[in-house]
2 protein chains.
Amino acid sequence: MAARDYGQYGGVARAVELVGERWALLIVRDLLVGPRRYGELAAGLPRIPSNILAARLKELQAGGIIRRAPRSRIVIYELTPYGRELEPVVLALGAWGLASLDEPRDEQVITADSMTMDLRSAFRPQIALDLPATAYAARVGGAELLVRVDGPTLDVRRGDGPADLSFAGRGIHRLIKGELDAQRAIATGEIELLEGSGELLERFGRTFRFAA
Amino acid sequence: MAARDYGQYGGVARAVELVGERWALLIVRDLLVGPRRYGELAAGLPRIPSNILAARLKELQAGGIIRRAPRSRIVIYELTPYGRELEPVVLALGAWGLASLDEPRDEQVITADSMTMDLRSAFRPQIALDLPATAYAARVGGAELLVRVDGPTLDVRRGDGPADLSFAGRGIHRLIKGELDAQRAIATGEIELLEGSGELLERFGRTFRFAA
DNA sequence: CCGCATCCCATGTGATACTG
DNA sequence: CAGTATCACATGGGATGCGG
């Protein structure tokens with residue numbers, strides 16, 4: 001049950017003993033978006049076997065990374081303060097991984113929490129500072145996100161709502177990476193504009209951009 | 001042979017598919033210190049089975065993270081530019097892991113490369129800026145490191161050499177974490193002063209400090 | 001030697017089924 | 001809903017072998 005150890009004494013070895021097991025960092029990623037129930041985690045990690053999810057949750061608790069939310073009638077998992085300190089790690093890892101993403105395969109899902117963290121990884125506060133506050137509604141796969149940018153602050157939440165620009169499509173990551181121009185994305189149908197102007201999609205592309 | 005995938009399209013999932021397998025990040029950690037031969041990697045990862053090391057090296061090559069150094073008669077592994085972009089990730093992960101390190105168990109080894117990255121994780125350039133240039137020689141376990149701090153720059157290399165302070169002992173991490181005061185470390189023998197003053201050990205402790 | 005490849009067994013993982 | 005139980009299978013660990 002205890003994570004297998006590497007026989008080394010050092011920061012990186014200790015870290016991978018705590019969160020290096022398969023699925024562990026994806027659980028942490030989703031919990032960085034917010035506290036989640038067991039079933040929500042399972043839904044956000046469609047291919048994780050339930051016994052593995054249960055085992056990881058125990059290990060992460062034993063490691064002091066997550067805990068069951070106290071004084072809550074239902075079971076809710078949340079990060080401890082120490083677990084929350086993984087945020088820069090996960091954001092950096094996500095940014096690094098974004099760089100080598102190619103086009104999504106049909107079998108690959110894009111979940112709300114995953115997309116949320118990708119947007120956080122790619123968000124450029126300095127750029128957003130000079131742009132007017134904007135609300136975007138994005139639909140990708142089954143996930144609906146409401147993305148509010150206001151100066152240097154970013155707020156992403158699930159669900160729908162009023163937005164300046166509403167769009168859908170699985171080409172969002174490639175737009176963020178600069179591989180896909182906003183105009184072309186609309187022209188080829190890789191991104192479908194539901195409401196709002198193409199200019200706002202360009203603004204989105206400037207606000208969220210993977211910095212090589 | 002291809003890393004098992006998670007069925008998700010996103011930055012973090014992609015990243016853990018590339019470097020999430022057991023031992024992979026420790027190999028990257030050591031290669032961040034410098035190019036290494038197969039045998040050097042094996043020596044720096046004492047408990048890795050040779051077949052696993054061979055498998056990981058292939059996977060990391062396939063992922064574009066490492067390569068065999070070109071125009072070299074002997075086999076040398078080094079990071080690609082993309083692999084080198086993992087440095088902030090590994091440093092952040094190392095710093096996070098340092099926070100939950102307790103005392104080293106006897107069976108745990110401290111390797112030169114591991115210690116080097118821990119020092120990089122804990123180095124505080126702003127603090128060092130106001131301190132005189134100093135050379136430290138540290139011996140911990142079997143590893144000998146020559147640590148040169150000059151203003152905001154840090155240089156760590158293996159081996160011995162002239163130093164202002166020379167010390168040994170397995171208590172260095174706890175000194176860095178502030179759990180152990182320099183005076184006490186000397187008094188209890190957790191750190192043995194070979195050459196130089198206790199004041200220099202305090203300077204070391206201020207220069208390398210894990211920032212919670 | 002160095003850079004792996006093979007073999008065998010223990011352990012971890014994945015799919016499915018099941019329970020309080 | 002929140003997990004256990006079970007079992008087939010893939011992967012990891014340790015020892016050993018082997019060609020260049």
If only side-chain N and O atoms of [X] are considered, is one of them under 4.0 Å from the OP1 or OP2 phosphate oxygen of [N]?
{"X": "Trp23(B)", "N": "dG13(D)", "answer": "yes"}
{"X": "Arg56(A)", "N": "dT13(C)", "answer": "yes"}
{"X": "Arg22(B)", "N": "dG13(D)", "answer": "yes"}

Rounded to whole angstrom units, what separation is found between the [atom1] atom of [X] and the [atom2] atom of [N]?
{"X": "Leu45(B)", "N": "dG13(D)", "atom1": "CG", "atom2": "C1'", "value": "14 Å"}
{"X": "Ile66(A)", "N": "dA2(D)", "atom1": "CD1", "atom2": "C1'", "value": "14 Å"}
{"X": "Arg4(A)", "N": "dG12(C)", "atom1": "CZ", "atom2": "C1'", "value": "6 Å"}
{"X": "Ile52(A)", "N": "dA2(D)", "atom1": "CD1", "atom2": "C1'", "value": "16 Å"}
{"X": "Glu21(A)", "N": "dG12(C)", "atom1": "CD", "atom2": "P", "value": "8 Å"}
{"X": "Arg73(A)", "N": "dA2(D)", "atom1": "CZ", "atom2": "P", "value": "12 Å"}
{"X": "Arg47(A)", "N": "dA15(C)", "atom1": "CZ", "atom2": "P", "value": "7 Å"}
{"X": "Ile48(A)", "N": "dT16(C)", "atom1": "CD1", "atom2": "P", "value": "15 Å"}

_Over 12 non-hydrogen atoms of neighbours within 6.0 angstrom of CZ in Arg148(A)_ =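 For Arg148(A), atom CZ is not crowded (no more than 12 foreign heavy atoms under 6.0 Å).
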*Strictly by modelled atom types, are Ser100(A) and Tyr82(B) linked by a side-chain donor-acceptor pair under 3.5 Å?*
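Side-chain D/A pair, Ser100(A) to Tyr82(B): present.
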*Please determine, by modelled atom types, if Arg124(B) and Thr207(B) share a side-chain donor-acceptor pair under 3.5 angstrom.*
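Per modelled atom types, Arg124(B) and Thr207(B) side chains form no pair under 3.5 Å.
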*For the helix from dC1(C)-dG20(D) to dG20(C)-dC1(D), what angle lies between the axis at the first five pairs and the axis at the last five pairs, to 10 degrees?*
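The end axes of the helix from dC1(C)-dG20(D) to dG20(C)-dC1(D) are about 30° apart, to the nearest 10°.
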*May I ask you to test the Leu18(A)-Trp96(B) pair for a side-chain heavy-atom distance under 4.5 Å?*
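When only atoms from C-beta onward are counted, Trp96(B) and Leu18(A) do touch, with a gap below 4.5 Å.
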*Check for a donor-acceptor pair, side chain of Thr116(A) on one end and backbone N or O of Val156(A) on the other, with a separation under 3.5 Å.*
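Judged by distance alone, no pair lies under 3.5 Å.
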*Is there a donor-acceptor pair closer than 3.5 Å between any side-chain N or O of Ser72(A) and the backbone N or O of Ala69(A)?*
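No.
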_Applying side chain to side chain contact (heavy atoms under 4.5 Å, CB included) to Asp5(A) and Arg47(B), what does each step give before you reach the verdict?_
CA-CA 10 Å; Asp5(A) 88 324; Arg47(B) 303 216 334 209; 3.4 Å; yes
Compile the donor-acceptor pairs under 3.5 Å between side chains in residues 167-178 of chain B and protein atoms, sequence neighbours left out, one pair per line.
unit_1    : atom_1 : unit_2    : atom_2 : d
Arg170(B) : NH1    : Gln108(B) : O      : 3.4
Arg170(B) : NH2    : Arg105(B) : O      : 2.9
Arg170(B) : NH2    : Gln108(B) : O      : 3.0
His173(B) : NE2    : Asp118(B) : OD2    : 2.7
Arg174(B) : NE     : Glu179(B) : OE1    : 3.3
Arg174(B) : NH1    : Glu190(B) : OE1    : 2.9
Lys177(B) : NZ     : Leu98(B)  : O      : 3.4
Lys177(B) : NZ     : Ala99(B)  : O      : 3.3
Lys177(B) : NZ     : Leu101(B) : O      : 2.6
Lys177(B) : NZ     : Glu179(B) : OE2    : 2.9

*Could you list the residues that satisfy salt bridge (Lys or Arg N to Asp or Glu O under 4.0 Å) with Asp155(B), not counting sequence neighbours?*
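Salt bridge (Lys or Arg N to Asp or Glu O under 4.0 Å) list for Asp155(B), sorted by chain: Arg157(B).
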*How are the rings of Phe208(B) and Phe123(B) set relative to one another: parallel (under 30°), tilted (30 to 60°) or perpendicular (over 60°)?*
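Rings of Phe208(B) and Phe123(B): tilted, as their planes differ by 30° to 60°.
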Identify all side-chain donor-acceptor contacts of residues 24-45 of chain A below 3.5 Å with residues at least two apart in sequence or on another chain.
unit_1   : atom_1 : unit_2    : atom_2 : d
Arg29(A) : NH1    : Gln8(B)   : OE1    : 3.1
Arg29(A) : NH2    : Gln8(B)   : OE1    : 2.9
Arg36(A) : NE     : Asp113(A) : OD2    : 3.1
Arg36(A) : NH2    : Asp113(A) : OD1    : 2.9
Tyr38(A) : OH     : Ser50(A)  : O      : 2.9
Glu40(A) : OE1    : Arg37(A)  : N      : 2.7

_Members of residues 28-36 of chain B that approach DNA chain D, where some heavy atom sits under 4.0 Å away_ =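 Those residues: none at all.
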*Where along nucleotides 1-8 of chain C does protein come under 4.0 Å, by heavy atom, of base (B) or sugar-phosphate alone (S), with - for untouched nucleotides?*
-SSBBBB-
